[in-house]
Amino acid sequence: MQFTASYRKLEHGYMGRLLEWPGVITEGDDLDDCREMLIDAAREMALAYYEDDMEIPQFPLIVETLNIPLEKEALLAHVS
């Protein structure tokens with residue numbers, strides 16, 4: 001199965017999660033470590049689902065990049 005992973009840099013390491021399966025989230029010391037931990041977390045979660053006779057979620061996902069002006073001047077101009 002294919003999932004979309006997102007990673008966020010933390011003060012010490014990275015946090016990773018699967019966008020289609022919000023319950024799968026983990027942290028690692030570096031990006032490679034986080035990726036391995038995320039794969040392991042997905043496998044462990046899948047085993048728990050199978051043990052409980054649950055199906056692995058398969059949510060349709062649309063990913064896009066939004067350009068949202070959040071500078072103070074842009075926000076004030078929008079309100080006026």
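These numbers come from the heavy atoms of this one structure, side chains and all, not from hydrogens, waters or symmetry mates.
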Smallest separation among heavy atoms of [X] and [Y], with atom names:
X	Y	answer
Phe3	Ile56	CZ-CG2, 4.0 Å
Ala46	Trp21	N-CH2, 3.7 Å
Tyr7	Gly16	CD2-CA, 3.9 Å

Find out if a path of hydrophobic residues (ILVMFWY) with successive side-chain heavy-atom gaps under 4.5 Å connects [X] to [Y].
X	Y	answer
Leu18	Leu61	no
Leu47	Met45	no
Leu66	Leu70	yes

Members other than Leu10 in its cluster, when Ile, Leu, Val, Met, Phe, Trp, Tyr link by side-chain heavy atoms under 4.5 Å?
-> Met15, Ile25
Is it the case that more than 12 heavy atoms not belonging to Ile62 sit under 6.0 Å from its CD1 atom?
-> no
NZ (Lys9) with more than 12 external heavy atoms under 6.0 Å |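 For Lys9, atom NZ is crowded (more than 12 foreign heavy atoms under 6.0 Å).
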Does Glu20 use its side chain to pair, donor to acceptor, with the backbone of Thr4 at less than 3.5 Å?
-> yes
Find the distance between CG (Leu19) and CZ (Arg17) and round it off to the nearest 0.5 Å.
-> 5.0 Å
When the side chains of residues 26-40 are checked against the rest of the protein, which donor-acceptor pairs come out under 3.5 Å, sequence neighbours left out?
{"residue": "Asp30", "atom": "OD1", "partner": "Asp32", "partner atom": "N", "Å": "3.2"}
{"residue": "Asp30", "atom": "OD1", "partner": "Asp33", "partner atom": "N", "Å": "2.7"}
{"residue": "Asp32", "atom": "OD1", "partner": "Arg35", "partner atom": "NH1", "Å": "2.8"}
{"residue": "Asp33", "atom": "OD2", "partner": "Asp29", "partner atom": "N", "Å": "2.8"}

